[in-house]
There are 2 protein chains.
Amino acid sequence: MNLNIPDTRQQVLAQRLDQGSQLIAQELALEFDVSLDTIRRDILALEAEGKARRVRGGAVPIAKPVSPMLERLSSGHGVNQAIIDATLAHVSDVPTLLVDGGTTTLAIITQLPKLDQRLVITPSPWIAIAAQERGSDVHLLGGSLSTSGGITTGNTTLSSINDIAVDVALLGVCGLDADFGLSADDHAEMHMKQAMHRAANSTIIATEKSKLGTKARHRTLHIAQIDLIITDANPDMIKPFEQSLAKIELV
Amino acid sequence: MNLNIPDTRQQVLAQRLDQGSQLIAQELALEFDVSLDTIRRDILALEAEGKARRVRGGAVPIAKPVSPMLERLSSGHGVNQAIIDATLAHVSDVPTLLVDGGTTTLAIITQLPKLDQRLVITPSPWIAIAAQERGSDVHLLGGSLSTSGGITTGNTTLSSINDIAVDVALLGVCGLDADFGLSADDHAEMHMKQAMHRAANSTIIATEKSKLGTKARHRTLHIAQIDLIITDANPDMIKPFEQSLAKIELV
DNA sequence: CAGGATTTTGCAATATTTTGCAGGATTATG
DNA sequence: CATAATCCTGCAAAATATTGCAAAATCCTG
């Protein structure tokens, strides 16, 4: 048997909370053979550490943060309509599209005009669903679903993407800097975006001005490798980009 | 034992509303073993938070402007809660789950308890998203997205599924007949379900009674190949199945 | 080891929350 | 209009929280 001191008990309780179980004061008092008050104090301590949410009768795990993707999707789409329209003008007639994940690309794909015989290839389940609803044929690239960006990654994904060739790759952006180039938050996502670029004849990027000038952790593409950048930035914000080869379209 | 306090109940109720189910005060009073008044107060509280629209006899979901894709994602609509609970009892602790597409399986996965280190493998982008929401690691099987069932199919999918071994496969149902067995609408889906069955140690099926006794186009599995069938059918509906080897759980 | 400080624990008195119930008002339904 | 179901209101009982306090255990120091 363990030491029956606040420290040990609270450790056990914290572990159970992590595991998702609820703490019921009455039961715990019996289990640890202490009074209700003592358990109550333990829970009080856990709450102070932010490890528990106290409720009448015990405690429950801290409410989990919902995924950022679902969050944004359900709470109004903050994607600039002008960006969407400008991008659609470039991709609407493309018969084979390779589409990255992300809120911007998702917003674009949900407004893709219906077209017979279009094929959308994507590592993102969100994009896959949206594209299918717009009547496209969809090829979903398999792999492990990364928590950060919501796209599949991994060796199997990479190898399958290396076997395809498409007209246009539409990439999402974590950071975009004139010198540092396009960057990604995650190492696995970086490889995915690079592979998508290689598989496509031309690479298009649509991004909001807030991403301009920012750098994410992993350098992914040089600006020169990008064929077209579509953004809602002010003219002076894109000055650093002008000497590069990328074509920039302001909306 | 669960905490039966306003906080917990209201959380459950809110979740059901999100799924599109309507709340019936009488039923809930029985389910939670409290008086009608208590449920009424819970609903009152939900209404105050803007999470429910109160109607005579219970409450209905707030009409929320969701994209069609989200709508389908949260459409546990019409799936019998008892089936979900019974299935969860079998799969909650399984560390590696292979999950087919379909509204029933989707409703189940959206209620999967959080568990560290669970891996969900699926050919369905909807399941993938739902599983990720619930904190699971997700491996998405790539391939062409079939329009009928919403799962990926094709040779690449089949070959990748042949390389895996899991504890439990949770399959959806198009038709289920005592003689004809489990059947699928689509030829490609048939192959997928068969492959999923082969990859798993045990095969579980959850289905509503409306599917019982019906045959879809393509015979997929014999009843004897199924380890467990969970359904809300009446006892006399499953008589034809009794001579088979499959274990049947009525809810 | 003695003696004092600190922590932990259980208890009692007092709030607070939650619950079920009784009654009368209101609404659906034939 | 009559009837049944559901709703609102106030209230009292039960469960749980909070607070203050004192006894016990433990730790610390010389």
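All values below were derived from every heavy atom in this structure, side-chain atoms included, with hydrogens, water molecules and symmetry-related copies excluded. Because the structure is a prediction, the values reported are computed rather than measured. Numbers restart at 1 for each chain; the letters A, B, ... are given by sequence-line order, proteins then strands.
At C:dG20, one or more side-chain N or O atoms of B:Thr38 fall inside 4.0 Å of OP1 or OP2 (strictly under the cut-off). For the pair B:Gln26 and D:dA5, the criterion of a side-chain N or O lying under 4.0 Å from OP1 or OP2 is not met. For the OP1/OP2 pair of C:dT9 and a distance below 4.0 Å, the side-chain nitrogens and oxygens of A:Arg9 include at least one atom meeting the criterion. In this model, the phosphate group of D:dT18 is approached by a side-chain N or O of A:Arg54 to a distance below 4.0 Å at OP1 or OP2.
A heavy-atom distance below 4.5 Å is not found between the side chains of B:Thr87 and B:Thr104. Looking only at side-chain heavy atoms (C-beta outward), B:Leu170 and B:Leu98 stay at 4.5 Å or farther from each other.
Considering CD of B:Glu27 and CD1 of B:Ile39, their distance stands at 11.0 Å, rounded to 0.5 Å.
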**Request:** Output, in order, the C-alpha distance, side-chain angles, deciding distance and verdict of salt bridge (Lys or Arg N to Asp or Glu O under 4.0 Å) for A:Asp18 and A:Lys51.
**Result:** CA-CA 8 Å; A:Asp18 277 342; A:Lys51 293 180 183 168; over 6 Å; no

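Protein atom CZ of A:Arg40 is 6 Å distant from nucleotide atom C1' of D:dA17, rounded to whole Å. Summarising the geometry, the separation between CG on B:Asp42 and C1' on C:dT17 is reported as 13 Å, rounded to the nearest angstrom. Going from atom CD of A:Glu47 over to atom P of D:dA17 covers 11 Å, rounded to whole Å. Atom CD in A:Glu27 sits about 12 Å away from atom P in D:dT16, given to the nearest Å. For A:Leu44 and D:dT18, the CG to C1' distance is 10 Å, given to the nearest whole Å. B:Arg41 has its CZ atom 8 Å from the C1' atom of C:dT18, to the nearest Å. Rounded to an integer number of Å, the gap from CG of B:Asp37 to P of C:dG23 is 14 Å. Between the CD1 atom of B:Ile39 and the P atom of D:dC8 there is a distance of 15 Å, rounded to whole Å.
Checking C:dT18, C:dG10, C:dG20 against every side-chain atom of A:Val34, the shortest atom distance belongs to C:dG10. Here the side chain of B:Arg56 is nearest to one of D:dT6, C:dT18, D:dG20, namely D:dT6. Checked against D:dA17, C:dG20, D:dT6, the side chain of B:Ser35 finds its nearest nucleotide in C:dG20.
Remark: D:dA15 base-pairs with C:dT16; criterion is Watson-Crick or G-U wobble with both hydrogen-bond distances under 3.5 Å.
Counting only residues at least two apart or on different chains, the salt bridge (Lys or Arg N to Asp or Glu O under 4.0 Å) pairs with a member in residues 82-103 of chain B are B:Asp100-B:Lys193.
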